[in-house]
Protein chains: 2
Amino acid sequence: MPLPHPLGVDGIVAFADSERMSLPLDTILEGDCIAGMNRLPAGSVDLVFADPPYNLQLGGDLIRPNATRVDGVDEDWDRFANFAAYDAFTRDWVAAARRVLKPDGALWVIGSYHNIHRVGTILQDQGFWLLNDIVWRKTNPMPNFMGTRFTNAHETLLWCARSAEARPTFNYATMKALNDDLQMRSDWMLPLCVGQERLKTDGRKTHPTQKPESLLYRIILATTRPGDVVLDPFFGTGTTGAAALKLGRHYIGCERDPDYIKAARARLAEVGPAPDPALLVTPSRRTEPRIPFGALIEAGMLKPGQTLFGGARRAHAAIIAADGTVCCGSVRGSIHKVGAQVQEALACNGWTFWHYEDETGALLPIDRLRERIRAEI
Amino acid sequence: MPLPHPLGVDGIVAFADSERMSLPLDTILEGDCIAGMNRLPAGSVDLVFADPPYNLQLGGDLIRPNATRVDGVDEDWDRFANFAAYDAFTRDWVAAARRVLKPDGALWVIGSYHNIHRVGTILQDQGFWLLNDIVWRKTNPMPNFMGTRFTNAHETLLWCARSAEARPTFNYATMKALNDDLQMRSDWMLPLCVGQERLKTDGRKTHPTQKPESLLYRIILATTRPGDVVLDPFFGTGTTGAAALKLGRHYIGCERDPDYIKAARARLAEVGPAPDPALLVTPSRRTEPRIPFGALIEAGMLKPGQTLFGGARRAHAAIIAADGTVCCGSVRGSIHKVGAQVQEALACNGWTFWHYEDETGALLPIDRLRERIRAEI
DNA sequence: TTTGTAATTGAATCTCATC
DNA sequence: AGATGAGATTCAATTACAA
């Protein structure tokens, strides 16, 4: 009988249940991220945020016009022999992340043009479903000193669900509120991590690619709920953990480098408590309890036989039936269905289309009555 | 002796020299783009611009809030059985483009998150060297009607050289001049192709995905020299040809659809030699930095749960929520809306009304923080 | 003729609970 | 699992048309 391959279906390393840990909330797992993730139970985290090595393939030193040397990323962890090696590395961590994600969980990856296409292709090949690609536009990018290309002024983030059928969290109303009541777009203008925010060790930057907390703030606020678990397989100095704690979420980090871990632990110990959960969510019509139209009749706000009006200058009229349907000529059905039919439209929101006459004879949308019921709950 | 495989090294179809044509300048080659490119001499064109099918995989109908239907892309040419089929298609046209390019020639591809990672990976695998990824930020994108994702407000372009050693053309000074004497960044803000520019046939759009000339203008201006030859394997209605002619370059287009070819020929016959100044769409830096209140929270300048004060002697107080709204009693909304409500006024400029407490306990208007963010941009 | 308002439209992977 | 039905949901720019 053949031995089982160490990588099972979906590239998942087989672990005995006894070796698995229960979810170690707000903890940094020391060591390789794949080993770390494989110790966690399957289907246990709500969000993965990954900032993997970019495989930058930098050549020699880059010298600024003023003869200073650019401090590029030349850490060992960013060296790969070739694209095949980088792809293999990517496939492994993506598979491990896939295993620990809940079915409706989501994954974010950040990268640059050097690596993001390898990552995006592998995500699609493993069944992830891309939801958006997000452009992080940097307010203060490094210029192109040689004048040979366009200023590389952005990085790319991919947001994807575990499958096309999954229903990942998206706090639409929160993002809209955050953007002055306009839909949040796929291009985000945010500054680099510099100044006070940038962690330093002996006067030098602790981590070469520390991300700004503002970026993680938006990601976690948009795509998780308070209390959710956010896993970062390339934890570094803990930006993901800091943003998660500040927003009332839990983090789990994987990191190999003891210096990064030390810096992250010190940083996370300083983070204060999260604000009142009510301040962390945005109320919206979608999140409010559902009120059937019939409840307005049961509450005595509307009466069977009463007339509703729709469209400009009472263009359409419908009679309310005792069962909460409305009738307009030979058409009978829900307020939405009849609203669509009389307008010959593909769809209609009956709550805003239909109006009732108040005591003064003024026309008011029936949605006012629904609001009144909701206020009483 | 075995017959030679029809696809030689690098996926190039073997043509007898007698079948090859000399370079057919300013011409549309009718038929499949791979056959068309294979009829051209190797190493003969300076630039390839490709706008291949995106493989959008759209589902059912999408209905707008105003109950009309979105006219999505459902053309046959955008249907692929799966990623493998799309990858094979991409490998073939990329290989054919690679053959016709001069050694120092360059290639541009435009795409969206649906396909761009497949294309980018294949370009790297075939030896192309990515120079920049460019983000086309749309001034007027289609919104996300259902409120399910971030507004998909951009497309991605990849600019690459034929090899890492190649020295492709980049008109650095021209780009800098075009951008108010600042280096041109990798994110370009340009409008969609709408209005007069959009080609119509019998009142309906001739091509579902016609690109704006301003985009091609910038690409050709930046990465070719006058007299250069620009090849577009997916010519469509000839935007690339029009921009090339206006800039004193030559075009060669490949196109299968007779209707598109007819429209392109009519369009190109109208093109005069002078460049259209309207194509120099320079972003106006004055109008750009709109700072939503939420940006102050994301920047860490204000924290969820913190109190803002308004009016004389802290007459009003409001708590900041994580989404950038503020709460005052049962009222929750933008700084402007809540400011107006607590004063029982019709309107209010929240930026000047609300104040925060600094480290010394002094009250400062929140507009100070906005000014600080603006100064950093 | 001018001005104000309504209608149209753009590469879109666009719901969710219940039966 | 698939069908059904309630009901939530849009920004910027241009064109058309009414006043």
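Sequence lines set the chain letters: A, B, ... in the order given, protein chains first and strands last, and positions in each chain run from 1.
- Counting non-hydrogen atoms under 4.0 angstrom, D78(B) reaches a base of the nucleic acid.
- At a threshold of 4.0 angstrom between heavy atoms, the contacts of P52(B) include nucleobase atoms, whether or not backbone atoms are also involved.
- A close approach under 4.0 Å does not occur between any side-chain nitrogen or oxygen of Y86(B) and OP1 or OP2 of dT13(C).
- Checking the phosphate oxygens (OP1, OP2) of dA13(D), no side-chain nitrogen or oxygen of R198(B) falls inside 4.0 Å.
- Considering only side-chain N and O atoms, N349(A) lies under 4.0 angstrom from the phosphate OP1 or OP2 of dA8(D).
- For the OP1/OP2 pair of dT15(C) and a distance below 4.0 Å, the side-chain nitrogens and oxygens of R286(A) include no atom meeting the criterion.
- Using a 4.0 Å heavy-atom distance criterion, W129(A) is classed as a base contact.
- Side-chain proximity of T68(B) to the nucleotides dA12(C), dT9(C), dC14(C) is greatest for dT9(C).
- For dC14(C), the base is not stacked against the aromatic ring of F145(B), per a cut-off of 5.5 Å between centres and 30° between planes.
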Checklist outcome for this item: Its dot-bracket string being built from Watson-Crick and G-U pairs below 3.5 Å, with | for another strand and [ ] for crossing, DNA chain D has the pattern .|||||....|||||||||

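- Nearest nucleotide to the side chain of W351(A), out of dT10(D), dA8(D), dT13(C): dA8(D).
- Listed pair N140(B) / dT9(C) fails the phosphate criterion, with no side-chain N or O lying under 4.0 Å from OP1 or OP2.
- At a threshold of 4.0 angstrom between heavy atoms, the contacts of I116(B) with the nucleic acid are absent.
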Next on the checklist: Test ring pair (Phe, Tyr, Trp, His ring centres under 6.0 Å) on F234(B) and W77(B); report intermediate values, then the result.
Outcome noted: CA-CA 11 Å; F234(B) 308 97; W77(B) 49 252; 9.2 Å; no

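- Of the side-chain N and O atoms in Y54(B), none sit less than 4.0 angstrom from OP1 or OP2 of dT13(C).
- Of the residues in residues 319-337 of chain A, S334(A), H336(A) come within less than 4.0 Å of DNA chain D through at least one heavy atom, sorted by number.
- When the nucleotides dT13(C), dA12(C), dA8(D) are ranked by their closest atom to the side chain of Q124(A), dT13(C) comes out on top.
- If you check distances only, the side chain of K211(B) does reach the base of dA11(C) with a donor-acceptor pair under 3.5 Å.
- Taking the centre of each ring, W159(A) and F170(A) come in below the 6.0 Å mark.
- Following rounding to the nearest Å, L215(B) (CG) and dA11(C) (P) show an atom-to-atom distance of 12 Å.
- For dT5(C), the O4'-C1' to base torsion is more than 90° from 0; the nucleotide is therefore anti.
- Using a distance-only test at 3.5 Å, with no hydrogens or angles considered, no donor-acceptor pair links the side chain of R256(B) to the main chain of D32(B).
- Between the CG atom of D71(B) and the C1' atom of dT9(C) there is a distance of 9 Å, rounded to whole Å.
- You'll find a donor-acceptor pair under 3.5 Å spanning the side chain of R149(B) and the base of dT13(C), going by distance alone.
- Between the side chains of T121(B) and T121(A), at least one donor N or O sits under 3.5 Å from an acceptor N or O.
- Side-chain N/O atoms of D133(A) and H154(B) include a donor and acceptor closer than 3.5 Å.
- Residue R370(A) places no side-chain N or O under 4.0 Å from the OP1 or OP2 atom of dA6(D).
- Taking 4.0 angstrom as the limit, K205(B) places a side-chain polar atom (N or O) nearer than this to OP1 or OP2 of dG10(C).
- Counting any heavy atom pair closer than 4.0 Å across all strands shown, S112(B) reaches no nucleic acid atom.
- Considering only side-chain atoms of A347(A), the nucleotide from dT13(C), dG10(C), dA8(D) that sits closest is dA8(D).
- What separates CE of M142(B) from P of dA12(D) is a distance of 15 Å, to the nearest Å.
- Cation-pi geometry between R370(A) and W351(A) is met: under 6.0 angstrom from the ring centre, within 45 degrees of the axis.
- N132(A) comes within contact range of no nucleotide atom at all, as no heavy-atom separation falls under 4.0 Å.
- Taking 4.0 Å as the cut-off between side-chain N and carboxylate O, D232(B) and K211(B) do not count as a salt-bridged pair.
- The side chain of E155(B) has dA11(C) as its nearest neighbour among dT9(D), dT13(C), dA11(C).
- You'll find that the side chain of K176(A) is closest to dC11(D), out of dA13(D), dA11(C), dC11(D).
- With T287(A) contributing its side chain and P283(A) its backbone, the two residues share no donor-acceptor pair below 3.5 Å.
- Ring pair W108(B)/W188(B) is tilted by interplanar angle, where 30° to 60° counts as tilted.
- No hydrogens or angles considered: a donor-acceptor pair under 3.5 Å links the side chains of S112(B) and H114(B).
- The phosphate of dT9(D) has neither OP1 nor OP2 within less than 4.0 Å of any side-chain N or O from Q183(A).
- For R64(B) against dG10(C), a side-chain-to-base donor-acceptor contact under 3.5 Å is present.
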